[in-house]
Amino acid sequence: MTSVAALLFIAIQSNADQTLQPSIVYDGAGFDDIAGGLRRGSTYLGTLRLQLTYQRMSGLSAFVAVLNKHGGSPSDFAGDAQGVSSLSAPNQWRLEEAWLQQNFFNSQLSILIGRYDLNSEFYRLQSAGVFLNSSFGVGPEFSQSGRNGPSIYPNTTFGVRIGYRPVKSVVMRAAVFDGLVLGEIAYLYRPSGREPPRDIRFRLGRLAALPPYKAKVSLGAWHYTNSGQSSGIYVLGDQTIYENGARRLAAFGELGVGDARADRFTRYVGTGVVMTAPFKSRDQDELGLAVAAARDSGQYNIQQSALGTPMLKGESTLECTYLMPLTSHLAIQPDVQYVVHPSAERSRKNALVMFLRFEISR
């Protein structure tokens with residue numbers, strides 16, 4: 001990634017019409033396995049992100065993020081496969097993202113190159129971003145596919161992404177990584193008016209701070225050219241179904257189909273509802289309820305039902321969460337998840353787990 005750093009240095013030194021903004025984001029979470037799973041117990045985990053964003057009037061932008069993950073692993077207690085915490089990762093410092101992007105034709109076309117988290121744009125829903133379970137970021141049929149998985153947290157890789165907007169409401173994206181190609185087409189309905197610029201700060205959850213929308217439908221497909229050449233598709237939908245002042249109710253759905261020949265999970269369904277401003281005095285709060293259900297490929301995990309018909313094993317998680325921004329730089333989020341058949345093991349007790357997560361940004 002030295003070439004990306006060098007290009008960023010040259011761009012900063014040679015242009016006056018530019019902005020350079022550093023940012024620090026710390027996410028921490030206290031976790032407790034209340035019942036079931038592998039074992040009872042508590043742990044703490046956190047991530048520190050050091051970020052630098054560069055933007056130029058001509059449409060050139062760059063982003064660098066260095067990440068430190070520390071603490072325990074909640075899934076060591078819950079025993080689940082989908083990942084009850086989206087913060088879980090090996091404990092280490094690493095370069096998370098480092099990319100350059102150039103926009104052309106009034107931002108109708110953009111090209112990005114560098115170390116890049118594809119979930120900042122692909123397989124992404126605004127409403128699902130508030131939830132802490134990893135499956136509401138990228139479904140397990142894709143996130144756990146291939147030899148090392150796709151380029152998402154915590155294993156990002158070098159790639160090239162091209163984005164094209166033929167009309168205002170339609171976005172087409174394609175990306176190429178080492179051994180992985182994927183594409184997505186999305187329809188988005190946004191309120192009229194100028195779109196706000198991308199904010200480098202992250203909200204609790206995986207929301208990448210892209211311009212907000214009222215409705216989104218997207219279709220994506222991916223294919224590994226190595227690791228057994230597995231493939232998959234996904235369909236996403238997110239819709240504001242009620243709005244009155246600050247109060248808003250949105251519903252979302254996710255459907256992913258993986259490759260039973262090469263990957264553990266072959267089907268994923270996620271759905272949920274999110275209410276903004278559930279109380280009059282808390283206009284920025286969000287209350288969410290969602291379900292994530294993953295099914296094994298069936299290669300080695302088929303059971304017989306009472307009627308003698310094949311039945312795929314799977315894991316389902318019900319999550320209830322409440323996000324409370326206290327200031328512009330601090331938010332807390334209590335979260336409860338109930339995992340049915342953790343890791344698709346029907347002999348394993350269902351797990352009830354709780355988080356208290358917080359985020360500090362500057």
Side-chain angles (χ1 to χ4, degrees), residues 27-29 31 33 37-38 43 45-47 49 67 69 71-91 96 117-146 148-156 202-208 220 222 232 234 236 252-256 258 263-272 274 288-296 314-321 323 333 335-344 351-355 357 359:
D27 286 286
F31 166 84
D33 186 298
L38 288 177
T43 190
L45 67 160
T47 60
R49 290 181 173 93
L67 172 74
K69 159 61 176 61
S73 175
S75 290
D76 289 345
F77 297 86
D80 70 308
Q82 296 186 77
V84 290
S85 173
S86 58
L87 296 181
S88 293
N91 290 339
E96 186 67 12
D117 185 341
L118 66 86
N119 190 217
S120 63
E121 296 178 312
F122 293 86
Y123 213 130
R124 173 190 172 275
L125 288 180
Q126 181 173 280
S127 299
V130 72
F131 296 96
L132 304 189
N133 192 284
S134 297
S135 287
F136 295 117
V138 175
E141 87 292 348
F142 184 26
S143 66
Q144 300 183 30
S145 64
N148 299 310
S151 180
I152 59 174
Y153 174 88
N155 297 312
T156 54
F202 293 98
R203 190 190 66 173
L204 282 170
R206 290 162 296 267
L207 187 62
W222 49 269
Y234 59 87
L236 312 176
F252 71 90
E254 305 170 318
L255 173 63
D263 303 318
R264 176 181 181 183
F265 292 108
T266 186
R267 300 287 186 274
Y268 165 71
V269 176
T271 185
V274 178
L289 181 67
V291 177
R295 293 295 175 263
D296 274 0
E315 173 188 286
S316 299
T317 300
L318 175 66
E319 178 174 0
C320 182
T321 196
L323 171 64
Q333 183 173 5
D335 183 273
V336 177
Q337 298 181 43
Y338 185 71
V339 185
V340 180
H341 305 312
S343 200
L352 178 63
V353 303
M354 178 177 292
F355 288 90
R357 186 169 171 179
E359 182 177 271

I'd like to know if the side chain of T271 and the backbone of F252 have a donor-acceptor N/O pair within less than 3.5 Å. yes
Rounded to the nearest 0.5 Å, how far apart are OH of Y153 and OG of S134? 8.5 Å
Set of salt bridge (charged side-chain N to carboxylate O under 4.0 Å, His left out) partners for E254, sequence neighbours left out: none
Would the distance check show the side chain of E315 and the main-chain N or O of A293 forming a donor-acceptor pair, the cut-off being under 3.5 Å? no
With distance as the sole criterion, is a donor-acceptor pair present between the side chains of Q333 and T321 under 3.5 Å? yes
Between the side chains of D296 and R267, is the shortest nitrogen-to-carboxylate-oxygen separation below 4.0 Å, so that they form an ion pair? no
CA sep, side-chain torsions, deciding dist, call: D335, R357, salt bridge (charged side-chain N to carboxylate O under 4.0 Å, His left out): CA-CA 8 Å; D335 183 273; R357 186 169 171 179; over 6 Å; no
Residue pair Q82 / S135, side-chain donor-acceptor N/O under 3.5 Å: yes
In short, D80 meets V84 closest at the heavy-atom pair OD2-N, 3.0 Å
Among D27, T47, N91, side-chain hydrogen bond (donor to acceptor under 3.5 Å, both in side chains) partner for K69: N91
Between S151 (side chain) and L118 (backbone), is there a donor-acceptor pair under 3.5 Å? no
Are a donor atom and an acceptor atom from the side chains of Q144 and D263 found within less than 3.5 Å of each other? no
In the structure I gave you, are the side-chain heavy atoms of T266 and E141 within less than 4.5 Å of one another anywhere? no
